[in-house]
Amino acid sequence: MGYILGLSFDFHDSAAALIKDGVVVAAGIEERFSRKKHDSSFPRHAVEFCMQSAGISSSSLQAIAYYEVPMLKFDRILWCSEQAQGRNPEYLDKTISSWLRYRKFEVIDRISEELGVAREKISYVDHHLSHMSAAFYCSGFDAATIVTMDGVGEYETTSWGIGNGTEIQKLGSVSLPNSIGLFYSALTAFLGFEVNEGEYKVMGMGAFGEPIYYDLLRPMFRLEEGGGFSIEPMYFEFLTPKDLPFTDALVELLGRPRDPKQDFATVVDDLPSGIAVHEADAILETSKRYADIAASVQKVTEEVIFHVVDSAVQATGIKEVCLAGGVALNSLANGRLMRERGYSLYVHPAAGDSGSAIGAALWRHYQEAGTQRSAPLTSAYLGSDCPLDEEIDRAIADSGFQCCGIFAHDQLPLEIARLLAEGNVVGWFQGNAEWGPRALGNRSILADPTRADMKKIVNERIKFREPFRPFAPAVLLEEVHNYFECPAIRDRTSPEYFMLAVHHVLPSARCKVPAITHADGTGRLQVVDATSNPAFYSLLKAFKELRGVAVLMNTSFNLKGEPIVDTPSDALRTFSYSGLDYLVIGSRVVSKDFDI
């Protein structure tokens, strides 16, 4: 079939992906290039990157696939407005105005104009089929149960089916207003975080609480035979939301929502300095209540996820499971599905809407020319490459910093491991940028996991974010079972390669790696081998030789509210604003003190 371009835009996390004969060539998320968090605009920069990576122009494209069906989505908007019975009378007028202003009714025309491609080459792909395709066709499974869970596509919020060879068949679905993703997002807003951004913060917060609100939240769901479910509508406004996606009924049930500006601390060490005793007690008390709510939300969500996945597996008889949609980023649930149900799990690295750019392109490929499955997606390093030394040197010179060291390929890991072992926090910029929301050792901030204070240092001084936020461990593949209670790593499509599953840190290891051990004794780990990421693997090996620990603390190379860095200039700018001690770009090392 040749080259096919997949596109996702007009809602959030716009992206572009290019495949050739069923193999992913390049994929980029627009926010990395535009520096606008969750950029929803047409992904011009991401498309340009994909084309340059392949060395082609748009005239070489055989087809373009868009990740959903706009008119069906608008039909759902009309239906929602009718069902809402005037609760938000301005909703429909504002929505129509927005669709007209941004030409959302004319997606094919816009793509054709932007890329100079004939309209006949452009097609729509159902939203959940895009998700299913991203998961199944990239998984490497010959046959699998496929489950998609998100906020909402056109109408569907949850769907399940079977993948076999090059065929995907939907077996069932759940539609709006019943949505696991919107339930979690509504409680994310209740807990004071931004929807489509703060859901993972709820997971982190829940570790500090107990699920004592479970009995209040669980009756909101009615589980149905076959995998379906419905949600009690009185607590939520999913049809025509105005400001917040929950109603006064939820407030009456759970109490006052958390103010986004309110401090959160469950231990005295996390309290703001100089605070009065009575204020400290109030913060600790209210924080515990919100942590308990978060823990309860997570428990209910996991139960519903289990219901859907278990029912789908029962229907297909296949325990190889592919997950996609934003809910598939719930790494706590993913870990439990593997450990407690024994499922062989594949989760697409960009499980949300950005990943549907790959899914739409693959669906088009297999519908028109797919007679044989292509190789699985075993690497998330699909984005912008680390440039040549000359360009790095120019970026450093333009930044006002100076390069304090240039190291050969075999020397660099030893030097940086030494800096980390001395307690320095290092920005690490190597190779191609990661596809998806996780930093996997190419656009990462790294630190020593053996220091308990490093969690507080990086949250406060480096990332400028909430003190309760956990950090992920990167661990050598051959050492993983010395630190974590997790199933055997299947292959390089396993969730642990993409930091998409949470597992328990072994009790014997928690005192060795306190900075990556969350309050509930878990870590969202990433395994690294010599093939998956040679440079990062060498650094982990060097650190083990110095510290005796085969783990590094790994977090995304960005500050709170910003996209992950994409270029050396981005990295240098972030370096200048943060408390990072050193920055490594390729073979170059930068220090604010000009001395290594």
Side-chain angles (χ1 to χ4, degrees), residues 6 8 11 22 65-76 79 123-182 223-231 304-328 337 343-348 350-353 355-371 373:
S8 164
F11 184 46
Y66 182 71
Y67 81 125
E68 63 183 9
V69 185
M71 289 310 298
L72 187 57
K73 183 175 182 176
F74 187 73
D75 187 71
R76 182 255 295 169
W79 177 84
S123 63
Y124 298 137
V125 180
D126 172 271
H127 186 94
H128 273 218
L129 277 177
S130 294
H131 277 314
M132 286 184 158
S133 299
F136 177 60
Y137 292 131
C138 293
S139 70
F141 294 139
D142 293 329
T145 301
I146 314 172
V147 177
T148 290
M149 298 168 283
D150 61 7
V152 61
E154 289 88 359
Y155 275 94
E156 294 173 328
T157 68
T158 301
S159 59
W160 56 92
I162 185 171
N164 195 342
T166 62
E167 301 292 325
I168 291 176
Q169 179 187 1
K170 276 189 188 179
L171 298 177
S173 65
V174 175
S175 295
L176 205 68
N178 305 302
S179 171
I180 303 172
L182 291 182
L223 305 185
E224 301 168 358
E225 187 174 352
F229 61 87
S230 59
I231 293 179
V304 180
I305 290 172
F306 272 47
H307 164 70
V308 175
V309 176
D310 289 344
S311 299
V313 169
Q314 186 175 8
T316 64
I318 303 173
K319 296 190 72 173
E320 285 72 35
V321 177
C322 298
L323 294 184
V327 177
L337 285 168
Y343 296 144
S344 293
L345 202 63
Y346 177 81
V347 183
H348 188 85
D353 283 1
S356 293
I358 284 180
L362 288 172
W363 174 259
R364 178 79 183 256
H365 168 75
Y366 284 110
Q367 290 303 295
E368 298 190 16
T371 57
R373 283 282 292 280

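Just so we're clear, the structure is a prediction, and the values are computed from it rather than from any experiment. Because only heavy atoms are used, hydrogens play no part in the values below, and waters and symmetry mates are left out as well, while side chains stay in.
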For this session: Using a cut-off of 6.0 Å, state whether more than 12 heavy atoms not belonging to D142 lie near its atom CG.
Result: no

For this session: Check the side chains of S159 and H128 for a donor-acceptor pair under 3.5 angstrom, ignoring hydrogens and angles.
Result: yes

Seminar exercise, completed: Hits for side chain to side chain contact (heavy atoms under 4.5 Å, CB included) against S344, two or more places apart or cross-chain, chain-then-number order -> F141, E320, R490

Problem set entry | From NE2 (H131) to CD1 (I358), nearest 0.5 Å | 13.0 Å

Problem set entry | Residue pair Y343 / D310, side-chain heavy-atom distance below 4.5 Å | yes

Problem set entry | Those residues that, when tested against F74, pass ring-ring contact (aromatic ring centres under 6.0 Å, His included) (two or more places apart) | W99, F105

Exercise. Should we say atom CD of E224 is surrounded by more than 12 heavy atoms from elsewhere, each under 6.0 Å from it?
Worked result: yes

Exercise. Which residue, I146, D126, V147, I162, forms the side-chain contact (heavy atoms from CB on, under 4.5 Å) with M132?
Worked result: I146

Exercise. Is there side-chain contact between I168 and Y137, with at least one heavy-atom pair below 4.5 Å?
Worked result: yes

Problem set entry | Test: K73 cationic atom under 6.0 Å from F11 six-membered ring centre, within 45° of axis | yes

Problem set entry | Validation row: L182, L176 side chains within 4.5 angstrom (heavy atoms) | yes

For this session: Indicate the atoms forming the closest heavy-atom contact of A360 with S130, along with that distance.
Result: CB-OG, 3.7 Å

